[in-house]
Amino acid sequence: MNPKHTFIGAVDIGTSKVTVLVGEYTGDALAIVGCGETSSRGVVKGSIADYKAASECTHAALEEAERRAGERIDCVYLAQSGGHLEGFYNEAAVNVKAADNMIDKNDIRTVCDLAMAKQLPTGRMVVHHIRRPFRVDGRLVPTSPEHLVGQRLEVGYWTVHGQEQRLADMIHVIRGCNLEVRELALSSLASGHMVTTAEERQNGVLAIDLGAGTTDFVLYRDGVAYLTGVIPIGGAHLTNDLGIGLRLTENQAEKLKLRFGRALVQTRDRGDKVWLDGNYAIGDRQFPRLAIEQITAARTWELLEVVKKKLGANFSPDTCAAGVVLTGGAAKLPALAECAAKVFGVSAHLGEAPSWVSEALREPGYHTALGLLYYGIRSQTERAAAAPKRGSLFRGISRLFATS
Amino acid sequence: MSKTAATLPIARTWRDIPQQVKPRAMSREGKRRSTLRGLRLVGGLAALAILGTAAWEVVAVLQPAGATAPLPAARALPIGDNLELVTDGVLDRAWLRRTLALPASATLANIEPATLRLRVLTGGQVLAAEIVRHFPQTLSVHIAERTPVARIMAESGAGAPQEFLVARDGVVFAGQGFDPEMVKTLPWLDGVSPTPGGPGKALIAGMEEAASFLADASLYSRDLYRTWKVVSLARLASDGQIEVRTDAGTRIIFRPKDGNLYSQVARLDSVLDKVAGVVPADKIRKIDLSFENRALVAIDQPTPPPPTPGHKAAKPAHSASTPSELPPPPAPALQFKIYP
């Protein structure tokens, strides 16, 4: 193994499945070399409810991914979701100190520190500080404002925070496998980064990741994540609604949802019925297709309405020119894009992975793990660039004794 | 802007969550990873050690032969006259030089300190010795000497009897370097023979007791002690008596085993005081102090005048015929007086 290569595991512990991708990072390129997937247990609405069960399935996925990759994972990027995640916006402004009004690094650092300085309630921890573009005398500056001339420098941060115990539970599941969690990333940021292009993010786009237990969304504006959110409602609720409405078990309802569920009602014939199993076996039942579509469509519409309500005034068709991009396992629901377009009043489409992603990983369920790899590497690189450099000899020795 | 960086509230991030985990909380896979990590660490250290050793060997091989040769030994300097003697007695460096008899080429590297120590101890005058080498060329000898307490005439080998000194522990030695005047004050030993072995090895039995007796006596009465010329230990073992002969010929019997030597010396002094005006000192033949609380003094009587030639007693042919013709008994030569 080339010592410069690092094998990163992107772990997405979801409500319905645990996905692990192994990426080989060479410093300037990333290649996906392994994949592992298991049914999730012990996870409810994106949070660990049964540590042992969650650990077992996660470790199984990790082992499978390592086996397929033929390499050992060095560190892990972990996706974070769940209803406990919340966010707030905080901004700050400073007067430029220099006599010639030229902004220097100290001004930038001061305004950033001020914008990030916000006391959190007890038991809450910061997951992300997402910086919005700087403003110099009200003028938007998409990149660094250093050496620009102005009197007033402003910046705002969207801070995502979560409950300490829930975050620690997720990390401890990975540590139980003796792997270091190098990065923690919001699921919506990871998947959103993967299914949207830089141009879309610049023009404004809303990425919605419909998972089984939660729905994560991120609104991009001016090229950066403007707002994030998590709603503890997902595809599993559609299944649950079907089960209650049609008096079915969870497995039966899931089967009907996958085969006949739709985000918009299409059926006009009330007499159109579908079989549960379709094998004409004893116990096989018939259900009205319209009822199935009505249940799933109502819940999907409601879900998207909740997202829209959460976005509030931050979302408007004018500021979201690129429309809505849908991803996640539940995004496979037919007519979901049309439903989203109606709800949000903008164009909507299903997110697709970039063309260079192999066919096996183009499923919406892998977008979070894929995006996690890229998002994690980017943030780690940014942090390494900001950190003081260490000598090459020291780095070499560190790599020699690096944990496997 | 009133706020400064020092007063800004700092929110905790997820990176503040400790990631340490105990092995028992790990899954099977986690434990396997932990073991592998330990093995990897050990392997890394072993690899480093091997690389280090290999590099050392390579450097050693590539170095010129002269560079790896051992440093030349310091030039061996002869000891010569660099002898140092530390003593508590009378021996000097000349004696040391004679005793060691080092050849001119001897160096500190080629001498045997143990052998030299035996040489120093030979003769008996040296009680203990230590040989110390101070490089580059100084030999230091530290000795403790015996102190003589008496003299003895003894034969050494087939030669004529000669004077030897006796130490407190009974060792007989020749005695070198002592002041002759001091030696003359030492009493002679009599009535005892040294064990075979020659000077330094021969021993006088009972010398410890005799030395204590002499030391105590000299302490109690220095003037009396100065008159003692011979000390006989002939009856020390059998009767516990020590006989002293003074320069006036008087024999004084002590019994130091009784433990009252002070009393005996006091009685001797008292007796001598009492008889001083009555009997000349050279007429006192014997003073026996071995009795408890008394002294037996034997004094020479004046010699009776020789019988006249016409005296009847001069006819020995008939002297035994009748008792009436026997000569009168001679006057006793000694007069015994007992002083309580």
Side-chain angles (χ1 to χ4, degrees), chain A residues 51-52 55-56 58-60 62-63 66 72-73 78 80 92-95 97 106 109-111 113-129 159-162 164-165 167-184 397 400-404, chain B residues 1-69 71:
Chain A
Y51 177 82
K52 191 177 178 186
S55 293
E56 283 175 357
T58 304
H59 297 175
L62 281 164
E63 280 185 61
E66 283 188 332
R72 306 196 70 77
I73 295 172
L78 181 61
Q80 186 64 46
V94 294
N95 292 323
K97 285 183 180 173
N106 283 335
R109 188 167 56 241
T110 303
V111 73
D113 288 345
L114 284 169
M116 284 191 287
K118 193 80 172 176
Q119 195 75 45
L120 292 178
T122 307
R124 306 292 295 183
M125 280 185 152
V126 172
V127 179
H128 282 294
H129 282 300
T159 300
V160 181
H161 57 97
E164 181 179 351
Q165 288 85 354
L167 295 171
D169 285 343
M170 282 279 192
I171 290 172
H172 290 161
V173 165
I174 302 300
R175 288 299 298 156
C177 205
N178 201 26
L179 283 167
E180 180 200 359
V181 177
R182 191 73 58 84
E183 281 292 338
L184 197 70
I397 293 173
L400 183 65
F401 294 108
T403 56
S404 57
Chain B
M1 191 61 55
S2 60
K3 281 187 176 179
T4 61
T7 58
L8 293 175
I10 299 170
R12 294 192 307 150
T13 72
W14 69 270
R15 294 186 189 280
D16 296 325
I17 297 172
Q19 293 205 27
Q20 288 79 22
V21 62
K22 292 177 181 174
R24 70 166 182 267
M26 287 182 190
S27 64
R28 181 181 50 82
E29 175 64 14
K31 287 174 184 169
R32 194 162 63 91
R33 283 177 186 279
S34 181
T35 307
L36 283 174
R37 187 177 62 173
L39 290 174
R40 187 171 175 178
L41 179 66
V42 171
L45 290 174
L48 275 179
I50 290 168
L51 282 175
T53 309
W56 179 268
E57 291 296 328
V58 168
V59 168
V61 167
L62 294 180
Q63 265 188 338
T68 56
L71 290 172

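Here is the naming used below: chain letters follow the sequence lines, and residue numbers restart at 1 for every chain. Hydrogens, waters and symmetry mates play no part in the numbers below; they use all other heavy atoms, side chains included. Quick caveat: nothing in here was measured; it's all calculated off a predicted structure.
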Problem - Heavy-atom side-chain proximity of A:Asp169 to A:Val173 below 4.5 angstrom - result: no
Contacting region of [X] [heavy-atom separation from chain B under 4.5 Å]:
| X | value |
| --- | --- |
| A:Glu63 | side chain |
| A:His128 | neither |
| A:Ile171 | side chain |

Problem - Closest non-hydrogen atom pair between A:Leu120 and A:Met125, with its separation - result: CD1-C, 3.9 Å
Completion exercise
Interface check, chain B: of A:His161, A:His59, A:Glu56, most non-hydrogen pairs under 4.5 Å belong to A:His59
Exercise for the section: Kindly write out the residues that satisfy side-chain contact (heavy atoms from CB on, under 4.5 Å) with B:Lys31, not counting sequence neighbours, or none if the list is empty. Expected result: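 Scan of B:Lys31 (side-chain contact (heavy atoms from CB on, under 4.5 Å), adjacent residues dropped) gives B:Met26.
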Give every donor-acceptor pair under 3.5 Å between a side-chain atom in residues 9-17 of chain B and any protein atom, sequence neighbours left out.
from: B:Arg12; atom 1: NH2; to: A:Glu164; atom 2: OE1; distance (Å): 2.4
from: B:Thr13; atom 1: OG1; to: B:Arg15; atom 2: N; distance (Å): 3.2
from: B:Arg15; atom 1: NH1; to: A:Arg182; atom 2: O; distance (Å): 3.2
from: B:Arg15; atom 1: NH2; to: A:Glu183; atom 2: OE1; distance (Å): 3.3
from: B:Arg15; atom 1: NH2; to: A:Glu183; atom 2: OE2; distance (Å): 2.9
from: B:Asp16; atom 1: OD2; to: B:Thr13; atom 2: N; distance (Å): 3.0

